[in-house]
A.B. asks: 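Below you'll find the structure I mean.
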Amino acid sequence: MPGRERRRVSTLPGELAEGRKGAALQEILESYVAELEPGSALPSERELAERFGVARMTVRAQIERMAHRRLVYRQQGRGTFVAERRLAHTEHLTSFTEDMQARGLVAGARMLGVDTLRAGRGLAARLEVPAGSRVARIRRVRTADGVPMAVEQTHLPARRFPGLADEDLATRSLYELLAERYDVTIAEAVQRVTVTTLQAADAELLETPRGEPAFQIERITRDGDGVVIEFAASIYRGDRYEVLMHARRDPPAALS
Ligand code: GLP
C-alpha cells in the first residue's frame with residue numbers, strides 16, 4: 001500500500017494550487033483509508049503532509065472531511081483511526097441473514113418479543129387486510145458477528161402464517177422459514193428509507209449513544225401473486241450502514 005500511495009502521490013505536482021491539491025488528496029486519502037483495517041491508526045498530519053507534499057492545513061481539512069463522513073474517527077490525544085466499514089443496504093431483495101452472509105458475517109438476532117395484535121387502520125392498509133385482522137408481530141435486534149445493527153419489527157398477516165409465533169426466530173431466518181414451512185416465494189418489495197435520530201430505547205438496544213443518526217427503513221414485501229406478506233419497520237445504525245441505489249436510465253423514448 002505505501003508503494004501504491006507513493007505512485008499516486010506523484011500525480012500531485014508542486015505547482016497545483018492548494019485547493020486543487022486538496023481535491024486530489026481527498027481521493028488519495030480515501031482510497032488509502034479504504035484499504036486499511038478498521039481501527040488502524042492514520043499517520044500524523046505532519047507525516048501525511050510530508051508524504052503527499054501538501055500543506056498540513058490541507059491534510060487537516062481532508063481528515064476533518066473524512067471524520068465528518070465517518071470514514072475515520074478521532075480520539076483526543078491518540079490520533080485518527082479508520083472507522084468500521086458500513087454495510088450497504090442494497091437494491092437486492094435479500095433477508096438480513098443473506099445480507100450478512102454475503103459479507104462474510106454471521107447474522108444473528110436477539111428476540112425482543114413475538115405477539116399477535118389486531119391491525120389498526122394504518123397497519124391494515126399496509127398489509128392490505130381488513131382493519132381488525134390478526135397480525136403476528138416479531139420484534140428482534142439484528143446482529144452481525146454479535147454486534148447490534150438494527151432493531152426490526154416485522155408484521156405478517158396471522159391467518160396466513162399459523163404457528164409462526166412458536167418458531168424460534170432468534171436462530172433462524174424468517175424468509176427461510178416462510179419458504180420452508182409456508183411455501184412462500186418472496187418476489188418483490190417496496191422500501192422507504194428516511195433519516196431519523198436514535199431514541200433512548202433503540203439507542204440502548206443498538207449500543208449506540210442516543211441522538212445518533214439512523215436510517216428508518218420500511219419494507220412492504222409481496223409474494224409471487226402480488227399478495228403482501230410482511231410490513232417491516234427497522235432502525236439501522238447510521239454509523240454502520242449506507243443505502244446503495246442502483247439506478248438505470250430508461251431509454252429516451254420511455255422518459256417522454
Ligand atoms: C430484512 C428486511 C425485513 C425482513 C428480514 C428477514 O431485515 N428488512 O423486512 O423481515 O430481512 O430477515 P431474516 O430472514 O434474516 O430473518
Side-chain angles (χ1 to χ4, degrees), residues 86-117 119 122-129 135-196 198 202 205-206 208 214-224 226-246:
R86 288 191 175 140
L87 305 173
H89 197 98
T90 66
E91 78 272 26
H92 299 293
L93 180 47
T94 51
S95 69
F96 185 86
T97 305
E98 290 164 342
D99 233 7
M100 296 306 119
Q101 271 167 359
R103 296 172 171 84
L105 302 169
V106 178
R110 188 157 72 73
M111 287 312 289
L112 298 174
V114 182
D115 54 6
T116 307
L117 46 100
L123 184 55
R126 286 174 169 118
L127 287 174
E128 298 180 359
V129 294
V135 171
R137 176 173 64 174
I138 303 158
R139 289 180 300 131
R140 297 181 286 177
V141 174
R142 307 309 307 263
T143 59
D145 278 355
V147 178
M149 292 286 150
V151 183
E152 195 165 76
Q153 215 177 137
T154 313
H155 305 84
L156 303 100
R159 206 166 138 216
R160 174 144 183 208
F161 303 110
L164 184 66
D166 306 323
E167 292 286 346
D168 179 13
L169 286 164
T171 53
R172 69 178 304 190
S173 151
L174 172 66
Y175 281 8
E176 238 174 67
L177 176 72
L178 295 183
E180 284 166 17
R181 179 167 172 186
Y182 302 97
D183 205 19
V184 165
T185 310
I186 289 169
E188 58 170 314
V190 172
Q191 297 202 87
R192 174 182 307 228
V193 182
T194 47
V195 173
T196 184
L198 287 178
D202 288 336
L205 292 169
L206 294 172
T208 305
F215 292 109
Q216 183 167 318
I217 303 183
E218 292 183 354
R219 179 186 284 188
I220 293 179
T221 315
R222 294 175 191 271
D223 66 10
V227 178
V228 176
I229 54 146
E230 79 164 340
F231 166 65
S234 320
I235 306 283
Y236 281 82
R237 283 171 56 164
D239 61 336
R240 301 301 307 274
Y241 268 86
E242 63 184 15
V243 176
L244 195 72
M245 282 177 259
H246 176 181

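For the numbers below, each heavy atom of this structure counts, side chains included, while hydrogens, waters and symmetry mates do not. Both counts, for ligands and for their atoms, begin at 1 and track the order of listing.
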A.B. asks: Pick whichever of Arg219, Gln153, Met149 has a heavy atom sitting closest to atom 2 (C) of ligand 1.
C.D. replies: Arg219
A.B. asks: With heavy-atom distances below 4.0 Å as the criterion, list the atoms of ligand 1 near Thr97.
C.D. replies: 13 (P), 15 (O)
A.B. asks: Atoms of ligand 1 less than 4.0 Å from Arg142 heavy atoms?
C.D. replies: 12 (O), 13 (P), 15 (O), 16 (O)
A.B. asks: So, do Tyr241 and Phe215 have ring centers that fall under 6.0 Å from each other?
C.D. replies: no
A.B. asks: Taking only heavy atoms of Glu152 into account, list the atoms of ligand 1 that are under 4.0 Å away from them.
C.D. replies: 1 (C), 2 (C), 3 (C), 5 (C), 7 (O), 8 (N)
A.B. asks: State the atoms of ligand 1, each with its element, that fall below the 4.0 Å cut-off from a heavy-atom position in Leu174.
C.D. replies: 10 (O), 13 (P), 14 (O), 16 (O)
A.B. asks: Which of the numbered atoms in ligand 1 are under 4.0 angstrom from any heavy atom belonging to Tyr175?
C.D. replies: 4 (C), 6 (C), 9 (O), 10 (O), 14 (O)
A.B. asks: What atoms of ligand 1 come within less than 4.0 Å of a heavy atom belonging to Ala232?
C.D. replies: 3 (C), 9 (O)
A.B. asks: One residue to check: Arg140. Relative to ligand 1, which of side chain, backbone, both or neither has a non-hydrogen atom less than 4.0 Å away?
C.D. replies: side chain
A.B. asks: I'd like to check which ligand 1 atoms, numbered from 1 as shown, lie under 4.0 Å from a non-hydrogen atom of Glu230.
C.D. replies: 3 (C), 4 (C), 9 (O), 10 (O)
A.B. asks: Using 0.5 Å steps for rounding, measure from the CG atom of Leu93 to the CD atom of Glu98.
C.D. replies: 8.5 Å
A.B. asks: If only side-chain N and O atoms count, and only distance matters, is there a donor-acceptor pair under 3.5 Å linking Glu180 with Tyr175?
C.D. replies: no
A.B. asks: Check Asp202, Val141, Leu205 against Ile235 for a side-chain contact (heavy atoms from CB on, under 4.5 Å) and give me the one that passes.
C.D. replies: Asp202
A.B. asks: In terms of heavy-atom contacts, does CG of Asp168 have more than 12 from other residues, nucleotides or ligands at under 6.0 Å?
C.D. replies: yes
A.B. asks: If you measure from each heavy atom of Tyr236 to ligand 1, is any distance below 4.0 Å?
C.D. replies: yes
A.B. asks: Determine, step by step, whether Arg140 and Glu152 satisfy the salt bridge (Lys or Arg N to Asp or Glu O under 4.0 Å) criterion, reporting the C-alpha distance in whole Å, the side-chain angles of both residues, the deciding distance to 0.1 Å, and the verdict.
C.D. replies: CA-CA 5 Å; Arg140 297 181 286 177; Glu152 195 165 76; 3.7 Å; yes
A.B. asks: Going by distance only, is there an N or O of Ser173 that falls short of 3.5 Å from an N or O of ligand 1?
C.D. replies: yes
A.B. asks: Could you tell me if Thr94 and Asp99 have a donor-acceptor pair between their side chains, going purely by distance under 3.5 Å?
C.D. replies: yes
A.B. asks: Testing Gln153, His155, Arg219 one by one against Phe231 for a side-chain contact (heavy atoms from CB on, under 4.5 Å), which residue passes?
C.D. replies: His155
